[in-house]
Student: 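Before anything else, here's the structure in question.
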Amino acid sequence: EDGTLAFSSDSPLASAAAVSGDDGTLSSVMQSAKEKGYRVFLYMSCFKDNEAARKSQEESARTGNKIIWLDNGNVRWLSAYSEAAREYLISSIKKLSSLSPDEIILSNISFPAEGKTELLSYDKSSGTKTEMLEGFIADAKTAAGNIALSAVYENYNKSCVAESGQTPELFSAFERLYFASAGTKFRNGADNAGELFGENEIIVMSPASDEDEFVIKK
């Protein structure tokens, strides 16, 4: 979410923000994990991207008077209406796929849904928010190739759908769905995600389970 990458990218947005990482380091870590018997999932935040949005402000979520917008955590977002932003993310997914992980997990496939969203302004001539995300998800699946592609579904509070563009129907296209649990870190989790997707299994993603607990749909 801070925008830094654990792999190299020749995308103009990555170059402008100077966020590329080192392929060799990531590959070495992945190989070491696999040799120890672990499955390797690569996790990537999509439109919530503080650095690329800061350095390429025309591709960011902005106010009506073109000022770059910050969410409640003072983080910038790329706009899903930006073709350059979508291309940047799709090229990143292609790169992750080329590293042959067991799964790729994408988060923040969304428009901003928290903070002073009433200030945001978009040129919606290309379609609705949901339609823009639908096109992005289709391209992401193509970019992932034969690698399992999953996603975190953050905004299942019904009041956030109009802002985020996320719907359960869109996200049913993924291999798995991860749900941010209701908690202090995830302010949008007030509604019961189980009502949307049926029986679920709780997966604790880190020792700080009160902050990083996810629900997984197989």
Side-chain angles (χ1 to χ4, degrees), residues 1-5 7 9-20 43-96 104-144 149 151-157 159-171 173-174 180 186-188:
E1 293 180 1
D2 67 1
T4 57
L5 306 178
F7 54 91
S9 172
D10 58 4
S11 164
L13 268 69
S15 298
V19 292
S20 284
Y43 180 95
M44 187 182 96
S45 174
C46 292
F47 295 100
K48 189 174 185 178
D49 184 324
N50 203 39
E51 277 301 301
R54 182 171 70 90
K55 292 296 182 69
S56 300
Q57 295 192 13
E58 290 187 359
E59 321 307 334
S60 71
R62 296 193 290 177
T63 66
N65 55 359
K66 306 302 182 185
I67 295 175
I68 195 165
W69 182 88
L70 299 171
D71 66 14
N72 281 346
N74 291 321
V75 177
R76 301 164 184 86
W77 288 63
L78 292 169
S79 172
Y81 279 103
S82 163
E83 183 177 356
R86 295 194 306 273
E87 289 178 350
Y88 169 48
L89 298 175
I90 294 302
S91 70
S92 296
I93 294 167
K94 286 181 180 178
K95 182 60 175 283
L96 295 185
I104 297 170
I105 303 175
L106 304 178
S107 68
N108 299 308
I109 305 173
S110 175
F111 288 86
E114 288 188 323
K116 295 182 178 180
T117 54
E118 70 276 7
L119 300 177
L120 287 165
S121 178
Y122 304 103
D123 177 3
K124 296 183 179 180
S125 58
S126 300
T128 66
K129 290 180 179 180
T130 298
E131 287 170 341
M132 299 310 296
L133 296 182
E134 182 178 28
F136 174 76
I137 289 170
D139 290 343
K141 291 187 69 177
T142 299
L149 185 66
V152 180
Y153 183 60
E154 294 95 351
N155 295 308
Y156 49 86
N157 185 319
S159 66
C160 295
V161 171
E163 295 292 348
S164 71
Q166 291 185 341
T167 68
E169 292 77 17
L170 277 184
F171 279 65
F174 288 101
F186 304 109
R187 303 181 185 91
N188 293 344

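Computed from a predicted structure; not experimentally measured.
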Student: Checking Ser121 now: which residues fulfil side chain to side chain donor-acceptor pair (under 3.5 Å) with it, not counting sequence neighbours?
Tutor: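 Residues passing side chain to side chain donor-acceptor pair (under 3.5 Å) with Ser121: none at all.
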Student: Under a 3.5 Å threshold, yes or no: a donor from one side chain and an acceptor from the other, between Glu1 and Asn50?
Tutor: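 Judged by distance alone, the side chains do not pair up.
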Student: Return the set of residues passing side-chain contact (heavy atoms from CB on, under 4.5 Å) with Thr117 (not counting sequence neighbours), or none when no residue passes.
Tutor: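 Result, side-chain contact (heavy atoms from CB on, under 4.5 Å) vs Thr117: Trp69, Leu120, Glu163.
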Student: Please test Tyr153 against Ile109 for side chain to side chain contact (heavy atoms under 4.5 Å, CB included), starting from the C-alpha separation and ending with a verdict.
Tutor: CA-CA 8 Å; Tyr153 183 60; Ile109 305 173; over 6 Å; no
Student: Shortest non-hydrogen contact from Ala140 to Ile93?
Tutor: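 Smallest interatomic distance, heavy atoms only, reads CB-CD1, 3.7 Å.
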Student: What distance do Asp2 atom CG and Arg54 atom CZ have between them, rounded to the nearest 0.5 Å?
Tutor: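 One finds 11.0 Å between CG of Asp2 and CZ of Arg54.
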Student: Starting at CD1 of Ile90, measure out to OG1 of Thr142 and round the result to the nearest 0.5 Å.
Tutor: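 The CD1 atom of Ile90 sits 8.0 Å away from the OG1 atom of Thr142.
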Student: Determine the sole option in Ile104, Leu5, Leu149 for which the side chain to side chain contact (heavy atoms under 4.5 Å, CB included) test with Leu96 is passed.
Tutor: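 Among Ile104, Leu5, Leu149, the one that satisfies the side chain to side chain contact (heavy atoms under 4.5 Å, CB included) with Leu96 is Ile104.
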Student: Which residues pass the side-chain contact (heavy atoms from CB on, under 4.5 Å) test with Glu87, sequence neighbours left out?
Tutor: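 Applying side-chain contact (heavy atoms from CB on, under 4.5 Å) to Glu87 gives Glu83.
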Student: What residues form a side chain to side chain donor-acceptor pair (under 3.5 Å) with Ser56, not counting sequence neighbours?
Tutor: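 Not a single residue meets the side chain to side chain donor-acceptor pair (under 3.5 Å) criterion with Ser56.
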Student: Quick one, Tyr88 and Pro12 - any side-chain contact, counting heavy atoms below 4.5 Å?
Tutor: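 Side-chain contact under 4.5 Å: no.
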Student: If you measure from NZ on Lys95 to OG on Ser20, what distance do you get to the nearest 0.5 Å?
Tutor: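 If we round to the nearest 0.5 Å, Lys95:NZ and Ser20:OG are 7.5 Å apart.
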Student: Among residues at least two apart in sequence or on other chains, which ones pass side-chain contact (heavy atoms from CB on, under 4.5 Å) with Asn65?
Tutor: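 By the side-chain contact (heavy atoms from CB on, under 4.5 Å) rule, Asn65 matches Thr63, Ile67.
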Student: Which residues satisfy the side-chain contact (heavy atoms from CB on, under 4.5 Å) test with Ala84, sequence neighbours excluded?
Tutor: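 Ala84 satisfies side-chain contact (heavy atoms from CB on, under 4.5 Å) with Leu13, Glu59, Ser82 only.
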Student: When you look at Trp77 and Ser60, which way does the side chain to side chain contact (heavy atoms under 4.5 Å, CB included) test go after all the steps?
Tutor: CA-CA 6 Å; Trp77 288 63; Ser60 71; over 6 Å; no
Student: Decide yes or no on side chain to side chain contact (heavy atoms under 4.5 Å, CB included) for Val152 and Leu106, but give the supporting numbers first.
Tutor: CA-CA 6 Å; Val152 180; Leu106 304 178; over 6 Å; no
Student: Given the rule in the side chain to side chain donor-acceptor pair (under 3.5 Å) test, do Ser110 and Asn108 qualify, once you have shown the distances and angles that lead to the verdict?
Tutor: CA-CA 5 Å; Ser110 175; Asn108 299 308; over 6 Å; no
Student: Suppose we screen for salt bridge (charged side-chain N to carboxylate O under 4.0 Å, His left out). Which residues come up paired with Glu134, at least two apart in sequence or across chains?
Tutor: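 With neighbours one apart ignored, the set is empty.
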Student: Go through the structure and list residues passing salt bridge (charged side-chain N to carboxylate O under 4.0 Å, His left out) with Glu131, not counting sequence neighbours.
Tutor: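 Result, salt bridge (charged side-chain N to carboxylate O under 4.0 Å, His left out) vs Glu131: none returned.
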Student: Where is the tightest heavy-atom contact between Ser45 and Ser107, given as atom of each residue plus distance?
Tutor: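 In this case the closest contact between Ser45 and Ser107 is CA-OG, 3.4 Å.
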Student: With Asp10, which residues qualify under side chain to side chain donor-acceptor pair (under 3.5 Å), at least two apart?
Tutor: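 Listed in chain order: nothing, the list is empty.
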Student: Just wondering, do Met44 and Leu89 contact through their side chains at under 4.5 Å, heavy atoms?
Tutor: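 Yes. Closest side-chain heavy atoms under 4.5 Å.
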Student: Got a second to check how far Cys46's SG is from Leu78's CG, nearest 0.5 Å?
Tutor: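 The distance works out to 9.5 Å.
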Student: Can any side-chain N or O of Arg86 pair as donor or acceptor with the backbone N or O of Ala80 at less than 3.5 Å?
Tutor: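 Such a contact is found between Arg86 side chain and Ala80 backbone.
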Student: Minimum heavy-atom separation for Ala173 and Ile137, please, with both atom names.
Tutor: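 Looks like CB-CG2, 4.4 Å.
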Student: Which pairs pass salt bridge (charged side-chain N to carboxylate O under 4.0 Å, His left out) with one or both residues in residues 62-76, sequence neighbours excluded?
Tutor: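 Counting only pairs at least two positions apart or across chains, the salt bridge (charged side-chain N to carboxylate O under 4.0 Å, His left out) contacts touching residues 62-76 are Lys48-Asp71.
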Student: Go through Val75 and Leu70 one step at a time and tell me if the side chain to side chain contact (heavy atoms under 4.5 Å, CB included) criterion holds.
Tutor: CA-CA 5 Å; Val75 177; Leu70 299 171; over 6 Å; no
Student: Name all residues meeting the ring-ring contact (aromatic ring centres under 6.0 Å, His included) criterion together with Tyr81; count only those two or more places apart in sequence or in a different chain, and write none if there are none.
Tutor: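 Tyr81: ring-ring contact (aromatic ring centres under 6.0 Å, His included) contacts with Phe111, Tyr122.
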Student: Output all residues satisfying side chain to side chain donor-acceptor pair (under 3.5 Å) with Lys129, sequence neighbours left out; order by chain, then residue number.
Tutor: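 With sequence neighbours excluded, Lys129 shows a side chain to side chain donor-acceptor pair (under 3.5 Å) to no residue whatsoever.
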